[in-house]
Amino acid sequence: MTLRIGDTAPDFTIDTTEGPIKFHDWAKGSWVFFFSHPADYTPVCTTEMGRTSQLAPEFEKRNVKPLGLSTDSVDAHKGWINDINETQNTVLEFPIVADKELEVAQKYDMIHPNESATATVRSVFIIDPNQKIRLIMTYPMTVGRNFNEILRVIDALQTTDREEVACPADWTPGDSVIIRPNVSDEDAKEKFPQGWKTVKPYLRLTDIKER
């Protein structure tokens with residue numbers, strides 16, 4: 001199954017380290033950072049799980065629920081969490097899906113046979129409160145995720161949902177944004193009373209207040 005941006009995130013019911021969840025019910029009203037791992041007790045994954053835990057306040061203030069996935073059992077996950085907490089100096093509290101039968105991995109196209117026929121690659125899905133997939137990233141097994149980018153893209157998505165703007169290359173909160181081309185200058189006067197800088201007729205930069 002190939003998922004694309006704008007698709008509804010597939011629902012599933014499965015056991016996790018925090019008990020069984022029905023994904024759509026569990027996620028309701030929140031953004032979700034859903035990310036997979038090749039296996040428990042692996043070094044890169046340990047650092048990623050730890051970093052997600054360390055960033056819990058950052059996810060919470062953005063109304064984002066992290067949800068990890070690995071294709072081992074709940075018991076294995078819980079043992080691994082002890083190692084994560086010890087080595088990464090954290091207390092991991094978000095759920096980790098126990099996808100032993102690869103049910104969720106198949107639904108989310110997390111198995112890439114040319115990388116591994118049995119292990120999930122490092123997939124990232126950012127899912128909005130309407131359960132629509134807004135971003136998909138796939139990392140190879142040997143390369144850890146960039147969590148600054150994950151937070152940045154969540155900030156960008158939430159900003160562009162709130163305002164009729166787009167975010168330029170390397171944008172971070174506080175930087176200027178782009179007024180969308182479909183917004184006329186006349187409409188922009190009402191929507192952006194702070195004004196804007198016209199670089200080209202299709203490239204108008206403005207500043208907005210962060211919330």
Side-chain angles (χ1 to χ4, degrees), residues 3-9 21 23-36 47-68 88-95 108 122-139 143-211:
L3 294 174
R4 295 179 174 85
I5 289 173
D7 288 350
T8 298
I21 65 167
F23 177 63
H24 281 185
D25 291 344
W26 175 84
K28 191 173 182 179
S30 298
W31 291 74
V32 177
F33 163 46
F34 185 30
F35 61 117
S36 61
T47 64
E48 292 179 318
M49 286 290 191
R51 189 64 183 135
T52 303
S53 178
Q54 292 164 2
L55 290 169
E58 295 297 322
F59 286 117
E60 184 176 3
K61 79 181 185 183
R62 292 167 172 82
N63 188 31
V64 176
K65 289 183 173 182
L67 180 64
Q88 307 304 306
N89 191 29
T90 191
V91 178
L92 191 154
E93 296 182 327
F94 62 86
Y108 281 78
R122 287 192 163 79
S123 296
V124 174
F125 295 89
I126 304 298
I127 300 164
D128 71 18
N130 296 316
Q131 297 167 344
K132 298 294 184 182
I133 295 171
R134 302 295 298 278
L135 174 121
I136 301 170
M137 290 190 288
T138 303
Y139 291 77
V143 178
R145 297 168 175 92
N146 183 325
F147 283 84
N148 290 331
E149 171 61 8
I150 287 164
L151 291 176
R152 187 193 79 91
V153 80
I154 292 167
D155 286 334
L157 287 168
Q158 293 181 349
T159 297
T160 58
D161 280 2
R162 191 175 68 243
E163 311 275 356
E164 283 193 83
V165 298
C167 295
D170 296 331
W171 176 90
T172 57
D175 292 348
S176 296
V177 293
I178 298 168
I179 300 173
R180 296 182 197 176
N182 64 299
V183 178
S184 68
D185 282 353
E186 201 60 37
D187 288 342
K189 288 176 185 176
E190 181 179 342
K191 295 176 186 294
F192 305 102
Q194 69 273 28
W196 62 86
K197 175 185 177 182
T198 300
V199 181
K200 291 287 184 181
Y202 58 86
L203 180 54
R204 296 165 294 170
L205 300 176
T206 190
D207 296 319
I208 56 175
K209 291 181 179 179
E210 297 302 316
R211 299 183 188 177

Asker: Restricting to non-hydrogen atoms, name the atom on Ser123 and the atom on Arg145 that form the minimum distance, rounded to 0.1 Å.
Answerer: O-NH2, 3.0 Å

Asker: Rounded to the nearest 0.5 Å, how far does CD of Gln54 lie from CZ of Phe147?
Answerer: 9.5 Å

Asker: What do you reckon, are the aromatic ring centroids of Phe34 and Tyr108 less than 6.0 Å apart?
Answerer: yes

Asker: Do the non-hydrogen side-chain atoms of Met49 and Phe35 ever get within less than 4.5 Å of each other?
Answerer: yes

Asker: How far apart are the C-alpha atoms of Leu157 and Asp128, what are their side-chain angles, what is the distance that settles it, and do they pass the side-chain contact (heavy atoms from CB on, under 4.5 Å) test?
Answerer: CA-CA 9 Å; Leu157 287 168; Asp128 71 18; over 6 Å; no

Asker: With sequence neighbours left out, write down each residue that passes side chain to side chain donor-acceptor pair (under 3.5 Å) with Glu149, or none if nothing qualifies.
Answerer: Arg152

Asker: Of all heavy-atom pairs between Asn146 and Tyr139, which one has the smallest distance, and what is that distance?
Answerer: N-OH, 3.4 Å

Asker: Please give me the minimum heavy-atom distance between Gly29 and Pro129, naming the atom from each residue.
Answerer: C-CB, 4.0 Å

Asker: A quick test of your reading: do over 12 heavy atoms of other residues, nucleotides or ligands sit less than 6.0 Å from CG of Asp161?
Answerer: yes

Asker: I want to check something: taking the side chain as every heavy atom from C-beta on, are Trp31 and Arg134 in contact at a cut-off of under 4.5 Å?
Answerer: yes

Asker: For Phe94 and Leu67, run side-chain contact (heavy atoms from CB on, under 4.5 Å): C-alpha distance rounded to whole Å, both residues' side-chain angles, the deciding distance at 0.1 Å, then the answer.
Answerer: CA-CA 6 Å; Phe94 62 86; Leu67 180 64; over 6 Å; no

Asker: Would you indicate whether the side-chain heavy atoms of Thr160 and Cys167 approach each other to under 4.5 Å?
Answerer: yes

Asker: As an exercise, state the distance from CZ of Phe125 to OG of Ser36, rounded to the nearest 0.5 Å.
Answerer: 7.0 Å

Asker: Rounded to the nearest 0.5 Å, how far apart are CG of Asp155 and OG1 of Thr172?
Answerer: 9.0 Å

Asker: For residues 193-207, which residue pairs qualify under salt bridge (Lys or Arg N to Asp or Glu O under 4.0 Å), counting only residues two or more places apart or in two chains?
Answerer: Asp185-Arg204

Asker: What are the two closest heavy atoms between Arg62 and Gln158, and how far apart are they?
Answerer: O-NE2, 2.9 Å

Asker: Can you give me the closest heavy-atom contact between Val183 and Ile179, atom names plus distance?
Answerer: CB-CG2, 3.9 Å

Asker: Where is the tightest heavy-atom contact between Ala9 and Phe23, given as atom of each residue plus distance?
Answerer: CB-CE2, 4.0 Å

Asker: How many angstroms lie between atom CD of Glu163 and atom CZ of Arg180, to the nearest 0.5 angstrom?
Answerer: 9.5 Å

Asker: Please evaluate residues Gln194 and Ile208 with respect to the criterion side-chain contact (heavy atoms from CB on, under 4.5 Å), reporting the C-alpha separation (whole Å), side-chain torsions for both, the decisive distance (0.1 Å), and the verdict.
Answerer: CA-CA 8 Å; Gln194 69 273 28; Ile208 56 175; 3.8 Å; yes

Asker: For residues Leu205 and Ile178, determine if any side-chain heavy atom of one lies less than 4.5 Å from a side-chain heavy atom of the other.
Answerer: yes

Asker: Quick check for you: to the nearest 0.5 Å, what is the distance between Ile5 atom CD1 and Ile133 atom CD1?
Answerer: 9.0 Å

Asker: Apply side-chain contact (heavy atoms from CB on, under 4.5 Å) to residues Thr8 and Lys132 and explain how you reach the verdict.
Answerer: CA-CA 4 Å; Thr8 298; Lys132 298 294 184 182; 2.9 Å; yes

Asker: Could you check whether atom CG of Asp25 has more than 12 heavy atoms from other residues, nucleotides or ligands sitting under 6.0 Å from it?
Answerer: yes

Asker: Calculate, to the nearest 0.5 Å, the distance between atoms CD1 and OG1 belonging to Ile150 and Thr52 respectively.
Answerer: 7.0 Å

